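First the proteins, then the strands, lettered A, B, ... as listed; each starts at 1. Remember, predicted model here, so these are calculated numbers, not experimental data.
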Number of protein chains: 2
Amino acid sequence: MPQLLGEYDCKIDAKGRLRLPAALLKQLHAFGSPDYVINRGMTPYLTLFPKSVWEHESAKVKALNGYIERNQAFKRYFYRGATPLEPDSADRILLPKSLIEYAGIKKTVIIQGMDDRVEIWDKEAYLNDINQEPADFRKLAEDTWTSVSTPPPAPPNPYNPPPGHVLP
Amino acid sequence: MPQLLGEYDCKIDAKGRLRLPAALLKQLHAFGSPDYVINRGMTPYLTLFPKSVWEHESAKVKALNGYIERNQAFKRYFYRGATPLEPDSADRILLPKSLIEYAGIKKTVIIQGMDDRVEIWDKEAYLNDINQEPADFRKLAEDTWTSVSTPPPAPPNPYNPPPGHVLP
DNA sequence: GAAAAAGTGGGAAAATGTGTCATTTTATGT
DNA sequence: ACATAAAATGACACATTTTCCCACTTTTTC
């Protein structure tokens, strides 16, 4: 399974169109069809999924029992804003106005590959977000790995890191 | 298992390209493919991973449930700036502008082998960083080894003194 | 139905990335 | 110390990508 990586700086044109960077496009093509689904993120940013990834993701949500009110509320949230997109002949996607507004996108966005999806942030918001983290990162890392049943990253076999090794 | 070692002094050209030192290249080749992933370090420096090492690191992160916001924050922090790179025909890698800026790289960088990855520092920042250390180093070493369950490295075999033996 | 707004397509200019090579510097062996 | 080879650096030309702009079509609104 291919992996989407990279941090890209792009500008939105006056009509709200975003030209996908060539380097990212190559990676996206590895996921098959040139169709995407974009959606609101948990906080003010957007997530762009290759269609195949979205289908996989939404299949899980579809399976939730809608007669349970909390599930139904989650479903509603999950689908709120989800929009299918396909790039035009110049590899541009038109971002829905409501999502541009939600993410506070002005002119420049940062696109960050996140494995099987990409996040699209207003540049300023993105920089604020990652500049806040470092102080918290150690605690965040500990919490993250202890909340998962598996112990902290098992040292990968061939590349067993030395004792005292810390991510990343 | 190969190990990346050495401290190298290199210059970045006007386009932000870094020629990997020949001695380091040989070591990197031992990791397989000539593809890398570069990322922000915890403080203003960059980390360059052989692709295979990166894949091991990210495999653990991939498994986290992104609907838990703290997990997602961790993922984002982990991926922030991660960019795939492959050297050109002259064994140069093009450092992304955003990362050059992040690490405060001007003209000269220090590349430091760190077992399964290398750190890339702006030379000046690097010298400042290690010039701060020496006073702290003994304490740092103690803290490090007492916080780990394993004892400090056993003296290498040939010189392991027999019980009761006293060194000259 | 007319005017305005929004969406689409194309393309030129600027910016950026890439390949190649010549020159300088460093390392190595005699 | 010198000659030779290897590596590092700098410079340039070329290719690609990005951005910005304009004109046209479709949809919405009054």
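For the pair A:Lys11 and C:dA15, the criterion of a side-chain N or O lying under 4.0 Å from OP1 or OP2 is not met. Of the side-chain N and O atoms in A:Lys15, none sit less than 4.0 angstrom from OP1 or OP2 of D:dA23.
As judged by a 4.0 angstrom heavy-atom cut-off over every strand, B:Asp88 is placed among residues touching the sugar-phosphate backbone only.
Place A:Ser89 and A:Lys97 on DNA chain C by their nearest nucleotides, and A:Lys97 ends up nearer the 5' end. When the nearest nucleotides of DNA chain C are assigned to A:Arg17 and B:Ala90 by heavy-atom distance, the more 5′-ward of the two goes with A:Arg17.
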B:Glu55 and B:Lys51: CA distance, side-chain angles, deciding distance, salt bridge (Lys or Arg N to Asp or Glu O under 4.0 Å) verdict:
CA-CA 6 Å; B:Glu55 280 166 359; B:Lys51 189 156 179 265; 3.3 Å; yes
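One N or O donor and one acceptor, one from the side chain of B:Arg92 and one from the base of C:dG19, sit under 3.5 Å apart.
Separating the CG atom of A:Asp91 from the P atom of D:dT16 is a distance of 15 Å, rounded to the nearest angstrom. Look at CZ on A:Arg19: it is 6 Å from P on D:dT18, rounded to the nearest Å. In this structure, A:Tyr8 atom OH and C:dG17 atom P are separated by 12 Å, rounded to whole Å. Note: CG (A:Asp13) to C1' (C:dG10) measures 13 Å, nearest angstrom. Rounded to a whole Å, the NZ atom of B:Lys26 is 11 Å from the C1' atom of C:dA27.
In this pair, B:Trp54 and B:Tyr79 present their aromatic rings perpendicular. The plane angle is above 60°, beyond the 30 to 60° band. Ring geometry for B:Tyr45 against B:Trp121 counts as parallel: the plane angle stays under 30°, on a 0 to 90° scale with 60° as the upper cut.
Just one of B:Asp116, B:Val37, B:Asp115 meets the side-chain contact (heavy atoms from CB on, under 4.5 Å) condition when paired with B:Val53; it is B:Asp116.
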